[in-house]
Structures are given as structure tokens and as C-alpha cells.
Engineer: 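The structure's right below; bear with me while I get my questions together.
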There are 2 protein chains.
Amino acid sequence: MVELTKTAGVPVYVQIRETLRGEITQEILKPGEKLPSEHELASRFGVSRMTVRQSIAELIDEGLLYRRHGVGTFIALPHLERDHTRLTNSFDPAESKGNNTKPSLLSLEIIPAGPKVAKALYIKEDDLVIRIKILGCANNVPITVHDAHIPHKLFSHVIDKNLKVQDLWSLFEQCGYKVKRAIEHIEAREATKELAKLMKIKVGVPLLYKERTIYAKDGTPVEFTYCYNRGDIYSLTVSLER
Amino acid sequence: MVELTKTAGVPVYVQIRETLRGEITQEILKPGEKLPSEHELASRFGVSRMTVRQSIAELIDEGLLYRRHGVGTFIALPHLERDHTRLTNSFDPAESKGNNTKPSLLSLEIIPAGPKVAKALYIKEDDLVIRIKILGCANNVPITVHDAHIPHKLFSHVIDKNLKVQDLWSLFEQCGYKVKRAIEHIEAREATKELAKLMKIKVGVPLLYKERTIYAKDGTPVEFTYCYNRGDIYSLTVSLER
DNA sequence: GAGTGGTCTAGACCACCCG
DNA sequence: GGGTGGTCTAGACCACTCG
């Protein structure tokens with residue numbers, strides 16, 4: 001039986017999950033190999049089988065493992081196609097192509113939520129939100145302006161410290177909100193005066209306009225962002241399933 | 001206590017899940033409302049709490065519900081958003097909202113494929129493709145122009161007969177290609193002179209520009225389409241998973 | 001038949017949020 | 001404090017797959 005270093009406050013199933021994840025990513029458990037049975041893992045870790053299943057569930061969800069009823073649980077084959085149709089943690093997909101991605105902070109403030117933001121974040125109007133404006137560049141060319149809103153309540157205990165604007169995702173995950181999915185509402189719009197100035201383009205040129213809501217695993221909306229992207233440079237690829 | 005009609009072979013948690021899903025989609029349970037507590041649901045359905053949690057888990061995963069620790073489980077907001085994140089067989093998603101959707105045929109020709117079309121459809125350059133241009137309107141307002149290309153080889157035996165432009169999908173499916181997924185490449189562009197004329201707008205106004213490839217279940221590309229959509233009317237909602 | 005995952009129980013204690 | 005979800009147990013029986 002493996003002794004888990006029972007870190008205070010960390011659920012057992014998380015510890016088991018991360019142990020397994022480590023063995024998979026370090027290829028101690030190799031792709032295609034069979035995982036020990038749930039029964040075996042349960043006794044090995046000294047927990048009940050349900051707990052083992054809970055540990056495994058998320059790894060299956062992430063595609064690291066797959067199950068075959070009556071056969072076993074296996075390590076999945078490495079993802080060949082990491083297409084850009086998945087939600088990724090670059091500042092923005094299109095920018096990760098260009099190497100010189102440099103997001104810069106335009107403003108950071110704490111304001112009461114307006115109706116649209118409140119609705120998207122499942123909070124009340126006038127509940128506080130942290131508003132972060134970022135200018136994204138690739139190769140020193142301004143390409144995107146993001147106007148992000150995150151619920152103050154969820155993150156109030158860390159905002160004062162070290163808000164790394166460049167990586168909101170790790171902020172979310174530090175606070176226990178595992179980023180799971182996003183819904184994007186997309187339109188084409190003309191550049192306003194303000195945006196034109198920021199992005200050094202003419203007023204009226206086409207922008208790809210997105211309203212994006214990011215959801216955590218438990219369904220909590222953690223971010224609502226207005227995104228403005230230069231239409232002539234920025235493009236977006238999505239995959240739709242029937 | 002609600003009696004589940006214990007359909008043979010269907011797990012209890014699936015029955016509960018579908019019961020709840022039904023009440024959500026029929027808006028017996030309204031968006032924003034609180035679901036009964038897990039305890040309550042357990043006794044109401046006469047099952048253990050773990051089973052209730054299993055039922056709820058998938059609905060949360062799908063974004064129909066969300067949880068707040070120490071508060072409750074709630075019905076997520078409007079179905080509008082979710083529904084437009086799937087590939088559907090309307091002439092186009094945004095148009096199915098307006099009732100008066102009237103696609104009209106602009107042109108139909110058989111031409112050799114250019115490099116871009118050929119690459120998208122996995123055929124050789126100069127292989128024949130059927131090119132179909134369609135103007136889409138809602139409430140008599142022109143909203144979209146589609147410039148579709150389908151491989152002549154796959155559909156040559158039916159093209160002469162009764163090509164129903166309005167429903168390419170059924171054409172595909174008649175020929176044994178079950179439509180499965182689409183990949184869309186999205187940009188913002190200015191209206192060209194030709195497009196402006198067709199859509200009765202000014203040259204230069206922002207259009208949502210898409211290049212869409214539709215794939216059948218077996219992976220065959222069956223359609224490649226340039227789509228031009230009025231930016232001020234047309235919008236698009238997509239869902240991204242991590 | 002032996003081994004696997006799939007489902008389910010009837011509890012328990014904890015952490016969180018609210019008034 | 002009272003109610004909620006979060007975690008966990010120590011079993012049970014079933015359905016599936018394989019040899």
C-alpha cells in the first residue's frame with residue numbers, strides 16, 4: 001500500500017489523481033498500457049473504490065485515460081492533433097503562433113457590474129468585478145484588445161498580492177477553479193475611435209468582436225471578456241459537432 | 001417520493017438525469033432557479049445521495065446546471081447560447097431565428113477546383129466541383145452570401161435530377177454521407193463591391209467572413225463554403241472545450 | 001468462470017455560505 | 001446554527017469481456 005503524504009486540506013482523490021497523472025506524463029505508465037484495476041488501486045492507496053473512481057474520472061475527462069467495460073482502464077495514446085479548435089491557455093490562440101507575444105496592461109480597476117456582465121457571471125448587478133484591460137501584440141503590432149471582467153468575490157483574497165495579468169488562468173486554478181470551457185459570441189464590427197487609437201488603425205475598419213465567457217469545471221463562470229481583434233490579421237478557427 | 005418508471009436496463013441515475021433535463025428544457029425548472037438540494041432529491045427519488053450526484057454531474061458538465069458550495073445547485077442561463085454551438089441543418093444558424101428565411105439561388109455551375117478548394121476537399125486541382133451561390137435572407141433582408149463547393153465526383157449521379165439547393169444536407173445524406181462536423185475559419189472583412197450590391201449595403205462595412213468545411217462521419221469532406229455575413233445583424237456563438 | 005468496470009447504498013464528517 | 005455541497009467509506013450486485 002502506497003502511503004500518500006496526506007497534505008492537509010488536499011482531498012485524497014486529488015492526491016491520487018495527481019499521482020497517477022504524474023506517472024502518465026512521466027511515462028512511468030506508458031500509452032496503451034493497462035492501469036491496475038480499480039480494486040487494486042483502492043487497496044494500494046488504502047481508500048475505497050469510489051474514491052479511486054473519482055480520481056480516475058477527471059483523467060478520463062481530460063482524455064489521459066479511457067475505460068473498457070469488462071476489460072480495464074488504459075493510458076490513452078498521445079494526442080497527435082492538438083488543433084486550434086480547443087480552448088487553450090495562450091493569451092489568445094492567434095497570438096501563440098507569432099513568437100513575440102507581448103500583452104500589456106492598459107488598466108485595472110474594481111467596479112460594480114453592469115447588467116450584461118452580471119448576467120454572464122451569474123452575479124447581481126452592482127456586485128463588484130475586477131476589470132482588466134489588456135492590449136495584445138504580436139511582433140510589436142497591436143492585434144487585440146481584451147476587456148476582461150472577473151467576479152471580485154471569488155478572487156478578492158489574492159487580487160492585492162500578485163495579480164499576474166498575463167496569466168489569469170493560473171489565477172483561476174490557484175483558487176480552485178479549473179478552467180473547462182468557453183462560450184464565445186462572435187460578430188464583425190467597425191473599430192471605434194478609442195479602439196482605433198489603441199490598435200493604430202483607422203476608425204471603421206472591420207474588427208472581429210467576441211464576447212467570451214469562461215467556465216470552470218463546476219460550471220461557475222470565472223471570466224467575461226469583450227475581445228476586439230484586428231480583422232485583417234486575426235482569425236479564428238472553430239469546430240462544430242452535429 | 002417520485003416513482004421512476006424503472007425502465008428495464010436503464011440505470012437509475014440516467015433516468016433521474018433525463019427527468020431533470022426534461023424539466024430544465026421544458027422550463028418547469030427555470031433558468032437561475034435553485035434545484036432542490038441533493039438530500040431532498042435523494043429522498044424524492046428514493047435513491048442515495050451519491051446517485052443523485054452522479055445524475056447531476058453530467059448536467060453540470062454540459063453546462064445546464066452549476067453548483068455553489070454551501071449554497072445550492074442552480075439552473076444555468078438561457079438555452080439560446082448552447083443551442084447555437086452545435087452544427088445544425090438550417091441554411092444557417094442565425095437565420096433560423098427569423099422566421100422568414102428564404103435562400104435564393106444566385107448561380108450554379110460546374111468548374112475545375114482552384115488550389116484552396118481542392119485542398120479543403122481532398123481532391124486534385126482542376127478536379128470538377130459543383131459551385132453553388134446562394135443569397136440568404138431573413139425577413140426579406142439579405143444577410144448572407146454563401147459560395148459553396150462540393151466535389152462533383154461524389155454527387156454526379158444526382159446533380160442532373162433535382163438538386164435542392166436549399167437542403168444540401170439531405171443531398172449528402174441521400175448519397176450516404178452522414179454529416180458529422182464542420183470546421184470554420186472566421187475573420188472580419190470589408191464588403192467588396194459585388195457583395196455590397198448583393199446585400200444592399202455599403203462597400204467597406206464589416207462582414208463576418210467564414211470558410212467552412214463540412215465533414216461526413218467517415219471523415220470525407222463534402223462541402224467547402226465561403227460565407228459572408230452582415231456583421232451588424234449576423235452573429236455566431238461557439239463553444240470551446242479545453 | 002474469473003476479472004473488470006458500472007451502478008448503488010446508507011450512512012458519515014467536513015467546508016462553505018448565509019442570516 | 002442550519003442548510004448546502006464536497007469528500008469518503010465498505011461494502012453489494014450487475015453487465016461486460018475474455019479465454
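Just so it is clear, the structure is predicted and the values come from calculations on it, not from any experiment. Every chain is numbered from 1 and lettered A, B, ... according to where its sequence line falls, protein lines coming before strand lines.
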Engineer: Within a strict 4.5 Å, meaning less than it, do heavy atoms of the A:Glu223 and A:Thr213 side chains meet?
Structural biologist: no
Engineer: Tell me every residue that passes side-chain hydrogen bond (donor to acceptor under 3.5 Å, both in side chains) with A:Ser37, counting only those two or more places apart in sequence or in another chain.
Structural biologist: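 So A:Ser37 forms no side-chain hydrogen bond (donor to acceptor under 3.5 Å, both in side chains) with any residue.
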Engineer: Between B:Thr51 and C:dT7, is there a contact of a side-chain N or O with OP1 or OP2 at under 4.0 Å?
Structural biologist: no
Engineer: Between C1' on C:dT7 and CD1 on B:Ile56, what's the gap in Å once rounded to a whole number?
Structural biologist: 17 Å
Engineer: Over all strands shown, is A:Arg49 touching base, sugar-phosphate only, or nothing at heavy-atom distances under 4.0 angstrom?
Structural biologist: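 Here A:Arg49 touches the bases of the nucleic acid.
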Engineer: Measure from the side chain of B:His69, starting at C-beta and using heavy atoms only, and say which of D:dG5, C:dG5, D:dC8 lies closest.
Structural biologist: D:dG5
Engineer: Using whole Å, report how far CG of A:Leu41 lies from P of C:dT4.
Structural biologist: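 Between P of C:dT4 and CG of A:Leu41: 10 Å.
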Engineer: Taking the ring centre of each residue, are A:His185 and A:Tyr209 less than 6.0 Å apart?
Structural biologist: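 Between A:His185 and A:Tyr209, the centre distance exceeds or equals 6.0 Å.
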Engineer: Starting at atom NZ of B:Lys34, determine the distance to atom P of D:dG3, rounded to an integer number of angstrom.
Structural biologist: 11 Å
Engineer: Among D:dT7, C:dG5, D:dG5, which is the nearest nucleotide to the side chain of A:Glu38?
Structural biologist: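 Looking only at side-chain atoms, A:Glu38 lies closest to C:dG5.
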Engineer: Could you tell me how far apart B:Gln54 (CD) and D:dC8 (P) are, to the nearest whole angstrom?
Structural biologist: 17 Å
Engineer: Quick one: label A:Arg53 by what it contacts on the DNA or RNA (base, sugar-phosphate, nothing), any heavy atom closer than 4.0 Å.
Structural biologist: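 Since a base atom lies under 4.0 Å of A:Arg53, the category is base.
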Engineer: Taking CG from B:Leu65 and C1' from D:dT4, how many angstroms apart are they, rounded to a whole number?
Structural biologist: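 So the CG-C1' distance, B:Leu65 to D:dT4, works out to 15 Å.
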Engineer: Quick one: on DNA chain D, does B:Thr73 or A:Ser48 contact a more 5' nucleotide (nearest heavy atom)?
Structural biologist: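 Between the two, 5'-proximity favours B:Thr73.
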Engineer: Side-chain donor-acceptor pair under 3.5 Å between A:Glu194 and A:Thr192, yes or no?
Structural biologist: no
Engineer: Closer to the 5' end of DNA chain C via nearest nucleotide, is it A:Gly70 or A:Arg67?
Structural biologist: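 Whichever sits nearer the 5' end wins; that is A:Gly70.
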Engineer: In whole angstrom, what separates B:Met50's CE from D:dG6's P?
Structural biologist: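 After rounding, the reported distance stands at 12 Å.
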